[in-house]
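In this text, all values refer to a predicted model and were calculated from it rather than measured experimentally. Order of appearance sets the numbers: ligands from 1, and atoms from 1 within every ligand. Just so you know, residue 1 is the first one in the sequence shown, and it goes up from there.
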Amino acid sequence: MRFDQVLFPEGKYKAFTLSFDDGLEGDIPLIEMMNRHQVKGTFNLNSGRFEEGYVIEKRFPNPAPHTVLARDRVPEVYREHEIACHGYTHMNLDGVSPRAQAYQLVRDIYELEKLTGKRVLGMAYPNGSYDENTIQVARILELKYARTVRSSGDFSLPEDFLKWCPSCHYHAESCLELAKRFAAPLVGPNRRLQVFYVWGHTHELYGYDDWNRMEQLLELVGEKEEIWYATNGEIVEYLEAAKKLIYFADGTRVTNPTCQRIWLRSGHKYYPKVYEVGPSETIELPE
Ligand SMILES: [Zn+2]
């Protein structure tokens with residue numbers, strides 16, 4: 001009995017991604033740490049706040065500098081990661097009129113694309129705040145994903161990427177436990193694709209004195225052969241492409257009509273083989 005399943009690049013079952021908000025100075029040491037552990041992430045920026053500068057947030061045990069990076073530093077700082085939309089001025093979107101919501105999103109997308117020369121693929125809802133109109137606006141603006149602030153507590157993929165719940169906040173008590181579980185070997189025939197998705201803000205790393213905790217997290221999940229390190233956008237675009245695979249009716253061939261390489265497993269449930277289908281390629285599969 002044959003069993004087919006799409007896999008992540010290089011035939012992997014696991015992906016790890018980070019998502020940090022507000023475009024802060026603290027993103028610079030975080031990115032240095034991420035690069036050291038070969039981890040990728042998405043940074044959600046408010047392009048209407050680039051001139052805001054320096055604020056110390058006092059609601060944490062330690063002073064937390066919420067210093068927004070200046071516009072001209074953005075392309076260089078985030079060069080190896082993804083920049084995504086977070087609303088032009090960080091306005092709460094829930095209950096706001098659709099045209100004001102559309103402005104918050106499209107103006108931010110426009111400014112970020114102009115600044116970086118890269119397409120904005122998704123967003124994080126500012127303060128996690130959205131309603132049905134926000135989702136409609138995001139869809140019209142061809143955003144492929146939007147992150148909420150509700151933790152799933154697991155490694156599942158969302159049914160709707162415009163309501164993408166992260167696994168956990170980095171400061172959550174369960175975060176390092178989840179990291180250990182995620183890093184443990186995945187065995188058995190019923191392996192599903194897993195995404196460990198962690199989010200936060202870098203001023204919290206100062207406010208809770210959490211830099212060591214972050215280092216611990218990245219030590220647990222970073223630099224592992226069996227994990228794909230990807231931005232939010234890379235995960236969504238890959239899965240979108242994988243959905244476009246076309247099977248011959250008898251299942252003996254599969255065509256990849258996209259411009260991405262796609263991996264899948266096929267064959268006996270307990271002894272599958274991993275196949276790679278190149279762009280515009282058709283490969284044969286065992287019956
Ligand atoms: Zn924010």
- [ ] For T252 and D250, test the side chains for any donor-to-acceptor distance below 3.5 angstrom and give the result as yes or no.
- [x] yes
Taking distance alone, no hydrogens or angles, what donor-acceptor pairs closer than 3.5 Å link side-chain atoms of residues 269-279 to residues at least two apart or in another chain?
| residue | atom | partner | partner atom | Å |
| --- | --- | --- | --- | --- |
| K269 | NZ | N190 | OD1 | 3.1 |
| E276 | OE2 | R261 | NE | 2.5 |
| E276 | OE2 | R261 | NH2 | 3.2 |

- [ ] Could you tell me whether the Zn ion (ligand 1) has an N, O or S atom of H90 under 2.8 Å away?
- [x] yes
Task: Considering only N, O or S atoms of D22, the one closest to the Zn ion (ligand 1) - done: OD1
Open item on the list: Let me check your reading of the structure: within less than 2.8 Å of the Zn ion (ligand 1), is there an N/O/S atom from D21?
Closed with: no
Task: Pairs where residues 30-50 contributes a residue and the test salt bridge (Lys or Arg N to Asp or Glu O under 4.0 Å) is met, not counting sequence neighbours - done: E32-R36, R36-E215, R49-E52
Task: Parallel, tilted or perpendicular: ring planes of H169 versus W199, cut at 30 and 60 degrees - done: perpendicular
